[in-house]
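Input: a single structure, listed below in structure tokens.
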Protein chains: 2
Amino acid sequence: MSSESTAIRTTDLPANSHINFPVLANEAGWRCQGNLWSTLHDVCELLHIPTPVSANSEDGLFQHVRYKAGQRIHTIGQHFENLYIVNSGFLKSVLIDEYGNEQVLSFPMKGDLLGIDGIYTQRHASEAVALSDCDVILVPYKTFSALGRTYAELEQAMFSAMSRELVREQAMISMLSALSAEAKVARFLTNLGERFGQLGYSNKVFNLRMTRHEIGSYLGLTLETVSRTLSAFNELGMITVDQRQIGIIDPIALKTLRRLPPAKSRSKVSKIVSEKVSEKVSALVAKNLLPQWNSELASSLN
Amino acid sequence: MSSESTAIRTTDLPANSHINFPVLANEAGWRCQGNLWSTLHDVCELLHIPTPVSANSEDGLFQHVRYKAGQRIHTIGQHFENLYIVNSGFLKSVLIDEYGNEQVLSFPMKGDLLGIDGIYTQRHASEAVALSDCDVILVPYKTFSALGRTYAELEQAMFSAMSRELVREQAMISMLSALSAEAKVARFLTNLGERFGQLGYSNKVFNLRMTRHEIGSYLGLTLETVSRTLSAFNELGMITVDQRQIGIIDPIALKTLRRLPPAKSRSKVSKIVSEKVSEKVSALVAKNLLPQWNSELASSLN
DNA sequence: CGGTAACTTGAACCGTGTCAATCAGTGTGG
DNA sequence: CCACACTGATTGACACGGTTCAAGTTACCG
């Protein structure tokens, strides 16, 4: 099964293969009674929103659905009925343009909300694909909407979540049009690390669940540029790369790597933090792979 | 007053200079009793959403605020209290990055909703600047929220509007990372034309209200590239350009201008529609300024 | 009518895409 | 068990689209 096939969206796998055998799910240790259903309280907890104080335990039960890597949670054009909340696993959200090229929009993971883009036209504008086996909570929009009318806080949380998503996309737009390739990749790694950290995993060592091609699509780069940039960071001693295994060694350097400023007045930095790789660093600087450091940081290094 | 000044966000002008003298507003002929206030019905009409059937006329009156070109409707970090609906005029919504560079996110005009990004953190994430004199309806979020709880349709419309905005931004992300400079500019002109058309203006001849720099920021290009691309389209006979006055001559060509496909197998198109400019066209094609035409259209031209 | 901001155009540079070759990892079938 | 196919990743050579820098023109405004 090729999760890379672009235009061809075979429906070899049903979008919703409901109800598998009950498994002890929740790889991240989220509390679970071995069930396939979650309460409203569970859902709120997962989304990090306060549970409505007056909520009673029979307000709703939400079905879990499991997807295997490669399966689609929803496809473009599919009638919008449900929102989805990721309970475990790793996915990608993609747009398919008029020529069948896929554009990765996000890499949702535990606690993320999917399907919001379907509200507008009542059809999904994007598709969500599992990159690993996933456990997803299915929230019928009608049910959720009704609950929102009962519990004002819930509705408010929904507005808040949508607003957050909007802000996130704005930041994405800004990044896409303003940053260099190195800065994009550096930020990508930093953000991914932070997200893993928030889930209780290491924010320094983690596995990329997506291909270089998918990273490139997400960042507006080619897979070769992504690969080269990772290699460069590796040689620099900022990270370690072994296939999809990433280790972040110098998070500060990653976080402060920026786009080349309009002025060509960038000071040729000759000495960098980590001594054991400094010669490689200067080699890289000579090749202009380190366009600029945050100025105050750069000066603090000399 | 420099609407171009980047980092420096002087508060020389109050964000809200409430209550000016009553003017016969509404340049676009929107119905108006010469007032500074709009009813819920007015607001719904402006937003193209159905007025709640049960709404009574005293549900709310919404204040109009006028801004002169260059004034800010809201600024980044400002406490979020209101949503804004553009009744007339032309604005830009911008993000300011950590180095003071501005990133244009959108060019709101009549009927557009502003300020949604403030819901999440209760502070505005972007700022909105008037590019021309504007008449804006101020909708207190609390009031609106309360009305939403009274009228389910209204709340639903709000979800829908936010979802639409999300989809629009996704399309923007896709465009930024996948299209060539020419395709970006072509789409920009097409979209702008369509928006003017929907407002009852000409979709063929219109004035750009923003600078080349702002267009470039919006499209992820430099102002020089924007200028050059417009000149090229002009020479091609696809549009006319006289400073900010744009005339769209060949909307089809504009709409079907695409990015160079991954395969280098692009057929060298030798003949194009408009005969009186065909020689210039082929010159352009030779320079690869016309990377590809929509295939079925291209074939229909020969 | 001067001063400034916006726009246009040219020339050179360089970051990133494109193309191609190679290698590693994984699954498959003889 | 190995050969084979296939996908993903790495790396190099090269080309080119778009940025950068610079100069000059036009439009606008006090």
Side-chain angles (χ1 to χ4, degrees), chain A residues 1-6 69-70 101 131 176-185 207-217 219-235 241-246 259-266 284 286-292, chain B residues 1-6 69-70 101 131 176-185 207-217 219-235 241-246 259-266 284 286-292:
Chain A
M1 162 182 342
S2 156
S3 69
E4 269 315 292
S5 70
T6 54
N101 303 314
L131 293 179
L176 280 173
S177 64
L179 296 189
S180 67
E182 303 96 54
K184 285 177 181 177
V185 175
N207 253 293
L208 300 175
R209 308 293 174 74
M210 70 294 283
T211 67
R212 303 286 191 263
H213 179 79
E214 286 161 343
I215 297 174
S217 170
L219 297 176
L221 303 171
T222 59
L223 66 97
E224 292 95 332
T225 300
V226 173
S227 180
R228 267 186 262 267
T229 307
L230 288 175
S231 298
F233 289 169
N234 183 29
E235 283 193 64
V241 185
D242 177 32
Q243 294 292 114
R244 298 195 180 178
Q245 185 81 238
I246 299 287
R259 149 162 268 258
L260 11 169
K264 206 158 216 170
S265 60
R266 47 191 145 126
L284 248 279
K287 285 193 283 180
N288 269 332
L289 275 161
L290 268 184
Q292 195 205 24
Chain B
M1 163 177 341
S2 157
S3 69
E4 268 316 291
S5 70
T6 54
N101 303 313
L131 293 180
L176 280 173
S177 63
L179 296 190
S180 67
E182 302 97 53
K184 285 177 181 177
V185 174
N207 253 293
L208 300 175
R209 309 293 173 74
M210 70 294 281
T211 66
R212 303 288 191 261
H213 178 78
E214 285 160 344
I215 298 173
S217 169
L219 297 176
L221 302 170
T222 59
L223 67 97
E224 292 95 332
T225 300
V226 173
S227 178
R228 267 187 263 267
T229 307
L230 288 175
S231 298
F233 288 169
N234 183 29
E235 283 193 62
V241 185
D242 176 31
Q243 293 293 117
R244 299 195 178 177
Q245 186 80 237
I246 298 287
R259 147 162 268 259
L260 6 169
K264 204 156 220 172
S265 60
R266 49 191 144 128
L284 248 280
K287 286 193 282 179
N288 268 329
L289 274 162
L290 268 184
Q292 196 204 25

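Side-chain atoms are counted along with the backbone in the values below, which use heavy atoms only and exclude waters and symmetry mates. Every chain is numbered from 1, with letters handed out A, B, ... down the list of sequences.
- To the nearest 0.5 Å, atoms CG (A:L179) and NZ (A:K184) are separated by 7.0 Å.
- In the set C:dA6, C:dT16, D:dA9, the nucleotide with an atom closest to the side chain of A:A181 is C:dT16.
- Remark: side-chain polar atoms of B:E235 are not paired, donor with acceptor, to backbone N or O of B:A232 under 3.5 angstrom.
- Backbone-only engagement by B:G220 is indicated by non-hydrogen atom pairs under 4.0 Å involving sugar-phosphate atoms exclusively.
- To the nearest 0.5 angstrom, B:L230 atom CG is 12.0 Å from B:D242 atom CG.
- Separating the CG atom in A:L223 from the NE2 atom in A:H213 is a distance of 7.0 Å, to the nearest 0.5 Å.
- Contacts of residues 221-230 of chain B with DNA chain D (heavy atom under 4.0 Å): B:L221, B:T222, B:E224, B:T225, B:R228.
- Under the side-chain contact (heavy atoms from CB on, under 4.5 Å) criterion, B:T225 pairs with B:A181, B:L221, B:T222, B:T229, sequence neighbours left out.
- Rounding to the nearest 0.5 Å gives a distance of 12.0 Å between CZ of A:R228 and CD of A:E182.
- With D:dT10, C:dC7, D:dG18 as the candidates, the nucleotide lying closest to the side chain of B:S180 is D:dG18.
- At its two ends the helix from C:dC1-D:dG30 to C:dG30-D:dC1 runs along axes set 30° apart, each axis drawn from five pairs and the angle rounded to 10°.
- Nucleotide C:dT16 holds its C1' atom 10 Å from the NZ atom of A:K184, rounded to whole Å.
- Taking every heavy atom of both residues into account, B:R212 and B:Q243 meet most closely at NH2-O, 2.8 Å.
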**Item:** Chi angles and distances behind the side-chain contact (heavy atoms from CB on, under 4.5 Å) call for A:V241, A:I246
**Value:** CA-CA 5 Å; A:V241 185; A:I246 299 287; 4.2 Å; yes
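- Residue B:R212 contributes atom CZ, which lies 10 Å from atom P of C:dT9 at whole-angstrom precision.
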